[in-house]
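Per chain, numbering begins at 1; letters A, B, ... match sequence-line order.
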Amino acid sequence: MSSPQPVRGTHDLLPEDFRLHAHVRDTARDIAACFGYGEMATPIFEFTEVFARTMGETSDVVSKEMYSFESRSGESMTLRPEYTAGICRSFISNGLQQNVPFKAFACGPMFRYERPQKGRQRQFHQIDLECIGAAEAKADIEVIAVAAAILQKLDVLKLCNLQINTLGDAESRDAYRTALVDYFNDHKDKLSEDSLARLGRNPLRILDSKDKGDQVLVADAPVFTDYLNAYSTDFFAEVLEGLTVHGIPYEVNRRLVRGLDYYTHTAFEFVTDALGAQGAVIAGGRYDGLIEMLGGKPTPGIGWAGGMERLCLLTETTPEEIRPIAVIPVGDAAEQVTTKLAHELRLQGIAIEMAFKGNPGKRMKRANKLNAKAAILIGEDEMARDACTFRNLDAGTQEEIPLADLSAKIADLG
RNA sequence: GCGAAUGUAGCUCAGUUGGUUAGAGCGCCUGACUGUGACUCAGGAGGUCGCCGGUUCGAUCCCGGUCAUUCGCCCCA
């Protein structure tokens, strides 16, 4: 193997791929802006603590998927595996309690040491939306509405299905967790190996087990709704009602739980069956305890993250490349004139293709390959008259026009 | 981390029951056409058949390992 390969689980985004990538990102950013979410960015790496403390030491991400390293100063750093913790850290660091609700959009690369598959990479990209400092169910509704709007705009909402559940507040969740652990402890011998491990790490996950034996046990397990206190029940009802008002279809999935420790109340996922085992396209929830875990004042928050690669896989249409106009010198004497003209047009914001070499025939071929709208040819004849030959490459027609009329001519092309 | 499949030109894929110079289409380059693209025609470049080892007179083909991708599990965006 003589040619260098990219690191496992990483991918190059060539210009063709990047157009789609940028389209997804821009669409998300524009819609987020309409809802009042301004774009921000946080560093790609943080102190390991930021992720370890918030996501939970026992979570898969923290226990085996982080790219951590020791800096020269001896501190443990980690390439971010998600955006939420970093943004919350930033919220605290910058004293943004003054600005609540703090509504932010972000996107960028994330890193997780996982086994690569389609729609799952070690370096991948997420779009992310956070609303910090709002305890109202209206915030949950808005955040989900933004996600739905983005999927709608990308024309992939039809491939997705919104699953939603509540994990209740800390009190409800702890009570339920205790009941669940007690129940499964009594039936330990019947649990699958996977679920036995889950019992220690994240017992709620057992509810979602695909193992047939587990499912039998789950059927008789304590039911979450019995443990939700009045506040949690009412809160969830309000969220669902809001979704209905927005015309966003959903499906309550009582087995939907989250892998990360910081989630409370609303948990949701836009899932698809078009990507094999990687069903989650946009997923998130409420994290009322997170800011406090990071050392801030108790502050509620809700947000989501979306996988850009997965969104790109679902999106069928790649936007067209900008169609340039080719400037073609005919003969060496015209080089200077065309170079200057190309530069002036580019400064006007017009996409100009001008090859570095080649006779007019080659340059025309190249213009055609690049899907140019038109070609501007200038040789000695045209120079003598301060004119150019303007060829419409779609129509196949051409005419000589004064250089002074060129800008108007180009504008006419649209 | 576990199980399975796949790996031949830039791309999509043929192929050899193991035999000497490994093919096609598309793409790329050159020319016919040194002031005009799409069509056509004629040439050309590009492969240690993923990598390492084994069996064999001989391996792209069989066997083992390894790496990568894909699928399922786990988990997640």
Side-chain angles (χ1 to χ4, degrees), chain A residues 1-3 5-11 14 16 24 55 58-65 81-84 107 109-129 147 160 192-195 197-198 201-202 205 208-211 257-260 269-272 275-284 303-314 326 328-334 353 358-383 388-398 400:
Chain A
M1 193 188 290
S2 53
S3 59
Q5 295 300 122
V7 171
R8 179 156 146 98
T10 67
H11 285 290
L14 300 178
E16 169 83 21
V24 168
M55 300 176 83
T58 57
S59 69
D60 276 37
V61 172
V62 172
S63 60
K64 55 191 189 195
E65 293 176 1
E82 62 137 28
Y83 230 134
T84 305
C107 62
M110 305 292 155
F111 305 84
R112 290 185 196 174
Y113 195 90
E114 288 192 279
R115 186 118 175 200
Q117 273 185 43
K118 184 181 208 161
R120 173 191 283 183
Q121 301 167 195
R122 288 184 172 180
Q123 176 177 341
F124 59 106
H125 298 80
Q126 284 187 336
I127 51 175
D128 186 276
L129 193 88
C160 299
S192 69
E193 206 176 306
D194 279 340
S195 287
R198 284 189 272 240
R201 282 185 293 127
N202 190 350
R205 275 267 166 224
D208 207 13
S209 174
K210 281 166 189 158
D211 183 272
V257 294
R258 313 260 64 207
L260 308 179
E269 287 183 6
F270 284 88
V271 298
T272 181
L275 296 177
Q278 281 64 246
V281 177
I282 289 181
W304 52 251
M308 287 192 51
E309 282 78 8
R310 293 179 186 181
L311 287 164
C312 286
L313 286 168
L314 291 179
I328 299 178
V330 180
D332 292 344
E353 152 64 18
N359 58 37
K362 275 205 199 324
R363 291 171 190 257
M364 284 295 285
K365 273 185 186 150
R366 182 172 166 80
N368 193 57
K369 199 173 85 178
L370 295 175
N371 196 24
K373 289 187 279 197
I376 296 166
L377 294 105
I378 298 180
E380 288 184 33
D381 296 351
E382 289 89 346
M383 288 199 313
C388 67
T389 296
F390 189 90
R391 184 173 180 83
N392 183 317
L393 293 177
D394 290 332
T397 55
Q398 71 181 46
E400 186 173 305

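In terms of position on RNA chain B, the residue among D194(A) and M308(A) whose nearest nucleotide sits closer to the 5' end is D194(A). Residue P116(A) is the one, among I282(A) and P116(A), whose nearest nucleotide of RNA chain B lies closer to the 5' end (criterion: closest heavy atom).
Looking at R391(A), its side chain never comes within 3.5 Å of a backbone N or O of A375(A) through a donor-acceptor pair. At distances below 3.5 Å, at least one donor-acceptor pair connects side-chain atoms of R310(A) with backbone N or O atoms of A280(A). Without hydrogens or angle criteria, E309(A) side chain to H125(A) main chain gives a donor-acceptor distance under 3.5 Å.
Summarising the base pairing, G43(B) is matched to C29(B) through a Watson-Crick or G-U wobble pair whose two defining distances lie under 3.5 Å. When both pairing distances are held under 3.5 Å, C62(B) makes a Watson-Crick or G-U pair with G54(B). Using Watson-Crick or G-U wobble geometry with both donor-acceptor distances under 3.5 Å, U36(B) finds no partner in any strand shown. Taking a pair to require two hydrogen-bonding distances under 3.5 Å in either a Watson-Crick or a G-U wobble arrangement, G72(B) pairs with C2(B). Using Watson-Crick or G-U wobble geometry with both donor-acceptor distances under 3.5 Å, G23(B) finds its partner in C13(B).
Nucleic acid contact for G119(A): base, since at least one base atom lies under 4.0 Å from a heavy atom of the residue. G9(A) comes within contact range of the sugar-phosphate backbone alone, with a heavy-atom separation under 4.0 Å but no base atom that close. If you check every strand for non-hydrogen atoms under 4.0 Å, A283(A) touches sugar and phosphate atoms only. As judged by a 4.0 angstrom heavy-atom cut-off over every strand, E269(A) is placed among residues making no nucleic acid contact. Here R363(A) lies out of heavy-atom contact (under 4.0 Å) with every strand.
To the nearest whole angstrom, the two P atoms, one in A77(B) and one in C2(B), are 24 Å apart. Spacing of C1' atoms, G31(B) relative to G18(B), comes out at 43 Å, to the nearest Å. With both ends at atom P, the span from U20(B) to G27(B) equals 31 Å, rounded to whole Å. Here the separation of G25(B) from G65(B), taken at their P atoms, is 39 Å to the nearest Å. Nucleotides A68(B) and A59(B) place their C1' atoms 22 Å apart, quoted to the nearest Å. C13(B) and G50(B) are spaced 15 Å apart, taking the P atom of each and rounding to whole Å. When the P atom is compared between A9(B) and C51(B), the two are found 10 Å apart, to the nearest whole Å. Between the P atoms of A5(B) and A42(B), the separation comes to 46 Å (whole Å).
Atom-to-atom, CG of D60(A) to C1' of C2(B) comes out at 14 Å; the value is rounded to the nearest Å. Atom P of nucleotide A77(B) and atom CD of E309(A) are separated by 14 Å, given to the nearest angstrom. Between the C1' atom of C67(B) and the CZ atom of R115(A) lies a distance of 12 Å, rounded to the nearest Å. Q117(A) has its CD atom 10 Å from the C1' atom of C74(B), to the nearest Å. In this structure, the CD atom of E16(A) is 16 Å from the P atom of G27(B), given to the nearest Å. Between the NZ atom of K118(A) and the C1' atom of A5(B) there is a distance of 15 Å, rounded to whole Å. Here U70(B) presents its C1' atom at 11 Å from NE2 of H11(A), a figure rounded to the nearest Å. Rounding to whole angstrom units, CD of residue Q121(A) and P of U69(B) are separated by 9 Å.
For a distance-only test at 3.5 Å, the side chain of R120(A) qualifies as a donor-acceptor partner of the base of C75(B).
When side chains are defined from C-beta on, C160(A) does not count as touching I282(A), because their heavy atoms never get closer than 4.5 Å.
Look at Q5(A) and you won't find any side-chain N or O under 4.0 angstrom from OP1 or OP2 of G50(B). Here R310(A) does not reach the OP1 or OP2 of A77(B): none of its side-chain N or O atoms lies under 4.0 Å away. Side-chain nitrogen and oxygen atoms of R198(A) include at least one within less than 4.0 Å of the OP1 or OP2 phosphate oxygen of C75(B).
Remark: F124(A) CZ to M308(A) CE distance equals 12.0 Å, nearest 0.5 Å.
Each of D60(A), V61(A), V62(A) was checked for a side-chain contact (heavy atoms from CB on, under 4.5 Å) with K64(A), and the lone residue meeting it is D60(A).
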Checklist entry - Is there a side chain to side chain contact (heavy atoms under 4.5 Å, CB included) between L393(A) and N368(A) once you walk through the steps? => result CA-CA 8 Å; L393(A) 293 177; N368(A) 193 57; 5.5 Å; no
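The two residues F390(A) and A374(A) make their nearest non-hydrogen contact at CZ-CB, 3.7 Å. Considering all non-hydrogen atoms of both residues, E382(A) and C388(A) come closest at CG-CA, 3.7 Å. Of all heavy-atom pairs spanning T10(A) and V7(A), the tightest one is OG1-O, 2.6 Å.
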Checklist entry - Taking protein heavy atoms under 4.0 Å as touching, what does nucleotides 28-41 of chain B look like 5' to 3' if B marks base contact, S marks sugar-phosphate-only contact and - marks none? => result S-SS--SBBBB---
